[in-house]
Amino acid sequence: SAKDMKHRLGFFLQRSDSCDYSSSQGKKEKISSSQRISQEEVRKWADSLENLIHHDRGLAAFHAFLKSEYSEENIEFWISCEDYKKTKSPAKLSPKARKIYNEFISVQATKEVNLDSSTREKTSHNMLEPTLSCFDEAQRKIFTLMEKDSYRRFLKSPYYLDLVSPAGAGCGPENCKRSHAHILDCNSNIISQCT
């Protein structure tokens, strides 16, 4: 009906205004809200975990998914290892390695990752003289764990499916479930189109 169309148009215009507002909130937010992501790019994420986590938006979506499953320590460890390998100063290697070890690998770690005892032991031994590759084996094990487990669930989750479906599909009032999460997903689809 005409009334229904007017309501929808008003909704989209409000969304458009809030997009303009959010894009002016700061450089970081401006970059993320103005970045367009093609369906082709999103589909590539299903080809491999590497494609997913080497794309900023893919990594953010995967991190949000892992957080919803209370297993974000895996991707946070992987990110920390990637950052660690970029360390230029030899003087910074030991303190950075110790921080990663204490946060993710030690028995009292606040975000302990699931490593087998031999990998944990080898990584502990590497802490005696940290090198840029001291976490390589542990990082590889966690990557494989994510690839075989959480990555597969991610591809079936709304975190991925909402992005891979054509923009706006399922977001009309007649298709939209009334759940808060779905409404937020619909809004994020609209926001990603506003540039």
Side-chain angles (χ1 to χ4, degrees), residues 28-29 31-32 35 37-165 181-182 184-185 188 192:
K28 200 169 193 177
E29 283 182 26
I31 291 166
S32 64
Q35 279 179 340
I37 183 161
S38 72
Q39 292 298 305
E40 188 181 329
E41 281 179 295
V42 175
R43 282 190 201 99
K44 282 181 189 168
W45 300 350
D47 294 342
S48 71
L49 178 57
E50 278 184 359
N51 285 358
L52 173 69
I53 60 180
H54 285 99
H55 189 285
D56 288 346
R57 299 281 291 272
L59 181 60
F62 189 55
H63 187 261
F65 169 73
L66 290 176
K67 208 166 186 164
S68 77
E69 290 200 330
Y70 305 100
S71 62
E72 69 268 26
E73 69 278 354
N74 293 326
I75 195 65
E76 289 174 7
F77 172 66
W78 184 88
I79 292 167
S80 295
C81 291
E82 287 297 291
D83 180 58
Y84 175 77
K85 288 189 273 191
K86 294 174 190 162
T87 305
K88 300 261 193 290
S89 164
K92 290 183 179 176
L93 279 182
S94 189
K96 276 180 114 173
R98 182 60 46 201
K99 184 178 187 290
I100 292 170
Y101 181 82
N102 289 338
E103 191 173 358
F104 298 103
I105 295 171
S106 82
V107 182
Q108 300 91 12
T110 53
K111 299 178 180 181
E112 187 180 352
V113 291
N114 188 6
L115 291 171
D116 58 272
S117 58
S118 65
T119 306
R120 193 177 300 276
E121 207 172 292
K122 185 177 179 186
T123 308
S124 296
H125 181 73
N126 290 346
M127 289 295 96
L128 300 173
E129 289 182 46
T131 64
L132 287 176
S133 61
C134 66
F135 293 109
D136 283 2
E137 189 177 336
Q139 186 185 19
R140 224 178 354 264
K141 295 271 175 141
I142 293 302
F143 180 90
T144 303
L145 182 75
M146 290 190 295
E147 190 174 41
K148 290 180 175 176
D149 187 32
S150 46
Y151 171 61
R152 291 178 183 178
R153 285 197 307 279
F154 169 77
L155 294 176
K156 295 174 186 169
S157 76
Y159 290 87
Y160 178 69
L161 295 176
D162 284 354
L163 288 170
V164 83
S165 63
H182 190 79
L184 286 176
D185 291 338
S188 67
S192 68

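Atom OH of residue Y151 and atom OH of residue Y160 lie 7.0 Å apart, to the nearest 0.5 angstrom. From N126, atom CG reaches atom CD1 of I105 across 9.0 Å, with rounding to the nearest 0.5 Å. Rounded to the nearest 0.5 angstrom, Y84 OH and T131 OG1 are separated by 6.0 Å. Between W45 atom CH2 and F154 atom CZ the span is 6.5 Å, to the nearest 0.5 Å.
With contacts defined as side-chain heavy-atom distances shorter than 4.5 Å, the pair V164/R43 qualifies. Side-chain atoms of R140 and W78, non-hydrogen and from C-beta on, never get closer than 4.5 Å to each other.
In the displayed structure, K85 atom NZ is contacted under 6.0 Å by more than 12 heavy atoms of other residues, nucleotides or ligands. Within 6.0 Å of CD in E50 there are 12 or fewer heavy atoms belonging to other residues, nucleotides or ligands.
Applying the side chain to side chain donor-acceptor pair (under 3.5 Å) test to E69 and every residue at least two apart in sequence or in another chain returns R153. In this structure, the salt bridge (Lys or Arg N to Asp or Glu O under 4.0 Å) partners of D116, at least two apart in sequence or on a different chain, are K141.
Side-chain contact check for T87 and K96: at least one donor-acceptor pair (N or O, by modelled atom type) lies under 3.5 Å. Checking E72 against H63 by side-chain atom types alone, no donor-acceptor pair falls below 3.5 Å.
A side-chain contact (heavy atoms from CB on, under 4.5 Å) with L145 holds for exactly one of V113, L115, N74; it is N74.
Looking at every heavy atom in both residues, L132 comes nearest to L93 through CD2-CD2, 3.4 Å.
In this structure, K99 pairs ionically with E103, as a charged nitrogen and a carboxylate oxygen lie closer than 4.0 Å.
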